[in-house]
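Scroll down for the structure; my scribbles are underneath it.
Computed from a predicted model, the values in this text were never measured in an experiment. Letters go in sequence order (proteins before strands), and every chain restarts at 1.
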2 protein chains.
Amino acid sequence: MNAKTNSSYHHGNLKEELISESLKMVESGGIASITLRELTNRLGTSRTALYRHFVSKEELLQEVIQAGFEKLDTYVFSTLDSDLDLTLKLHDVGKAYIDFAIKNPNLYRMIFGHELKEQREENCDINEREDAPGFHKLVDIIIDAQNANILKKDDAFMQATVMWSMLHGLSNLLIDGHVHIVDNIDTLFELSFKTLISGIALDLSE
Amino acid sequence: MNAKTNSSYHHGNLKEELISESLKMVESGGIASITLRELTNRLGTSRTALYRHFVSKEELLQEVIQAGFEKLDTYVFSTLDSDLDLTLKLHDVGKAYIDFAIKNPNLYRMIFGHELKEQREENCDINEREDAPGFHKLVDIIIDAQNANILKKDDAFMQATVMWSMLHGLSNLLIDGHVHIVDNIDTLFELSFKTLISGIALDLSE
DNA sequence: TATTTAAAGTTGACAATGTTAACATATAAT
DNA sequence: ATTATATGTTAACATTGTCAACTTTAAATA
């Protein structure tokens, strides 16, 4: 606010405000609601002001997506109780992940969306989420659980991917309305997690 | 072809050709590549000809999505060997599902996409995929497996949803490039399926 | 069969969107 | 103090989906 009133021409920190305002717009109206006119109107600049900070709308959205991933990672891991049993840790990570998706469906859809195909072709390395800090935290928990003889000593990387698949799939099905057990989301998650840990097969102590 | 050459003005079966041509366009270039100009150019009509068959582009895409779902269901279940062991049946269903997503990433993204928000608000019943025939076939296999003492006698509907979550999540992660174990897709699926069936926990015969 | 009616297709225009080029202004550097 | 650079503005453009008015063919009715 002060930056705006001080100098009416130069905005001050337009780049960051473009990102944060875009974040607000996605969360409330979805990615399609981010139009350059509306976005710059909200910040009191002209429609093309953002081209001094981003090469295109695409690049802006890219940074919004990165900010969104950071919000997800923070939400999932920052509130994690470090004294917990390792199985409970995995449980709470999963629960927080689903919670985030349900609370921020539009943002979740955007960060995992595919509208960034072109840029993905170029920066082919940076886009694999496996390199994300959040994913590695999950892998670490799984390794700990393996060492504590809680989980099978398989490839921890793959086990983490399996868990992530489950969380990602459940999140998408829920926020896109393909599953209408809305009042039973908790039950559905608990069964999913239980399945992840112990499977759905009869326990024949093989 | 004959319909076109016979009467140059009236197209004949424009509606169905619009849908099938749109299907081709999604598969090759993604949903964003379906532009009314390009679509109608391919069929040799004017840009607005489709408004005699669909109320909007949105409605056309809706029907394309429905056709896409039918393709998915057919692919997953039509080649299923009915003599198979029930666990193998589940395995093959899952494998076919992933295969379809990998072979038709753009189509898969479209049918599970969210660009149909407005219409979904109205036809709130029809859009839950749980009502789809494919999902019910999966539930039936699971019920059979329960009766054969292969699976735990939990809620079959939920078990099917858990399996679907895993498949959907894995499909999305793979086709969106979040997992770069491209040469190990089979291994990843096998571990996922094994996890679904027997979990990742140590077998302590609890 | 002749005439009317409805269905299907076309044309031209419109508003909204992202983008660019040319210009304007403020800040930083010399 | 002057120059150079960063930042912001304005006007225009092509592309998109959509609509209104018109044309042409097929169907219905007399």
Q) Are any side-chain N or O atoms of Arg109(A) and backbone N or O atoms of Asn172(A), one a donor and one an acceptor, separated by less than 3.5 Å? A) no
Whole angstrom is fine here: how far is it from [atom1] in [X] over to [atom2] in [N]?
{"X": "Ile31(A)", "N": "dG18(C)", "atom1": "CD1", "atom2": "P", "value": "11 Å"}
{"X": "Leu14(A)", "N": "dT27(C)", "atom1": "CG", "atom2": "P", "value": "14 Å"}
{"X": "Leu36(A)", "N": "dG8(D)", "atom1": "CG", "atom2": "P", "value": "15 Å"}
{"X": "Glu17(B)", "N": "dA8(C)", "atom1": "CD", "atom2": "P", "value": "14 Å"}
{"X": "Glu38(B)", "N": "dA14(D)", "atom1": "CD", "atom2": "C1'", "value": "16 Å"}
{"X": "Leu39(B)", "N": "dT18(D)", "atom1": "CG", "atom2": "P", "value": "12 Å"}
{"X": "Leu50(B)", "N": "dA7(C)", "atom1": "CG", "atom2": "P", "value": "18 Å"}
{"X": "Asn13(A)", "N": "dA6(D)", "atom1": "CG", "atom2": "C1'", "value": "15 Å"}

Q: Just say parallel, tilted or perpendicular for the rings of Tyr97(A) and Tyr108(A), cut-offs at 30° and 60°.
A: perpendicular
With 3.5 Å as the limit, what N/O pairs link the protein to nucleotides 10-12 of chain D?
{"unit_1": "dT10(D)", "atom_1": "O4", "unit_2": "Thr48(A)", "atom_2": "OG1", "d": "2.9"}

Q) Any chance the side chains of Glu59(A) and His53(A) put a donor and an acceptor closer than 3.5 Å? A) no
Q | ring-ring contact (aromatic ring centres under 6.0 Å, His included) partner of Phe69(B), the single match among Phe112(B), Tyr75(B), Phe100(B) | A | Phe112(B)
Q) Within the structure shown, what part of the strands sits under 4.0 Å from Ile34(A) by heavy-atom distance: base, sugar-phosphate, or nothing? A) sugar-phosphate
Q: I would like to know whether His168(B) and His168(A) meet side chain to side chain contact (heavy atoms under 4.5 Å, CB included); could you show each step before the answer?
A: CA-CA 8 Å; His168(B) 186 51; His168(A) 186 51; over 6 Å; no
Q. Quick one: CG on Asp83(A) to CG on Leu88(A), what's the gap to the nearest 0.5 Å?
A. 12.0 Å
**Q.** Side chain of Arg52(A) - closest among dT9(D), dG17(D), dT10(C)
**A.** dT9(D)
Less than 4.0 angstrom between a side-chain N/O of [X] and OP1 or OP2 of [N], yes or no?
{"X": "Thr35(A)", "N": "dG18(C)", "value": "yes"}
{"X": "Tyr51(B)", "N": "dG9(C)", "value": "no"}
{"X": "His53(A)", "N": "dA6(D)", "value": "no"}

(Q) With a 4.0 Å cut-off on N to O distance, would you call Glu27(B) and Lys71(B) a salt bridge? (A) yes
